[in-house]
Amino acid sequence: MQVKELIAKLQEFDPTLEVLCYAEDDTSSGAAPSSVFFDIQSIGEARGQMVRSAQGKPGIRFNSEADSVEVVLIDITSDF
């Protein structure tokens, strides 16, 4: 994705929303520290509650409950 494409896509959303990135192929959590590069797959909006797993890993429970928030999600991958 080019800078101009990223800017144009982000301008479609409310500028006060939080932006979060996520990856389904969690290769960034390897044992040895190293640089990992990511490519943007898609950008969208979602509504949910911010949660943490029993291990303390952050996530979102997607729903429309009263305490849920709107966020912009950027889907990234290390496979590009």
Side-chain angles (χ1 to χ4, degrees):
M1 178 175 283
Q2 295 179 340
V3 171
K4 66 182 179 180
E5 295 169 325
L6 176 59
I7 291 169
K9 187 64 179 172
L10 289 174
Q11 286 178 333
E12 295 176 10
F13 303 104
D14 178 343
T16 64
L17 293 179
E18 190 76 25
V19 177
L20 303 173
C21 295
Y22 73 97
E24 295 293 333
D25 58 343
D26 192 14
T27 58
S28 63
S29 61
S34 63
S35 296
V36 179
F37 295 90
F38 294 94
D39 183 38
I40 296 173
Q41 295 295 293
S42 65
I43 302 173
E45 199 168 354
R47 184 167 195 76
Q49 296 167 303
M50 306 304 239
V51 296
R52 287 199 178 266
S53 69
Q55 296 77 28
K57 191 173 185 178
I60 297 178
R61 183 177 303 123
F62 297 104
N63 61 42
S64 296
E65 299 295 324
D67 61 342
S68 64
V69 295
E70 205 67 39
V71 294
V72 173
L73 293 177
I74 300 178
D75 178 13
I76 57 176
T77 182
S78 61
D79 184 21
F80 62 96

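It should be emphasised that the depicted structure is a prediction, and the values quoted were computed from it without experimental measurement. Values reported hereafter were calculated over all heavy atoms of this structure, with side chains retained and with hydrogens, waters and symmetry mates removed.
Of all heavy-atom pairs spanning Ala23 and Phe38, the tightest one is CB-CE2, 4.4 Å.
Residue pairs meeting the salt bridge (charged side-chain N to carboxylate O under 4.0 Å, His left out) criterion with at least one partner in residues 1-17, sequence neighbours excluded, are Lys9-Glu12. Pairs passing the salt bridge (charged side-chain N to carboxylate O under 4.0 Å, His left out) check and including a residue from residues 36-56, sequence neighbours excluded, read Arg47-Glu70.
The distance from atom CD1 of Ile7 to atom CE of Met1, rounded to the nearest 0.5 Å, is 11.0 Å. Rounded to the nearest 0.5 Å, atoms CD1 (Ile43) and CD1 (Ile76) are 11.0 Å apart.
Taking Ile, Leu, Val, Met, Phe, Trp and Tyr as hydrophobic and joining them when side-chain heavy atoms fall under 4.5 Å apart, one finds Phe37 in a cluster with Phe80. Through chains of ILVMFWY side-chain contacts below 4.5 Å, Phe62 is grouped with Leu20, Tyr22, Met50, Ile60, Val69, Val71, Leu73.
Residues that satisfy the side chain to side chain donor-acceptor pair (under 3.5 Å) test with Glu18, not counting sequence neighbours, are absent from this structure. Annotation: side chain to side chain donor-acceptor pair (under 3.5 Å) contacts of Asn63 (sequence neighbours excluded): Gln49.
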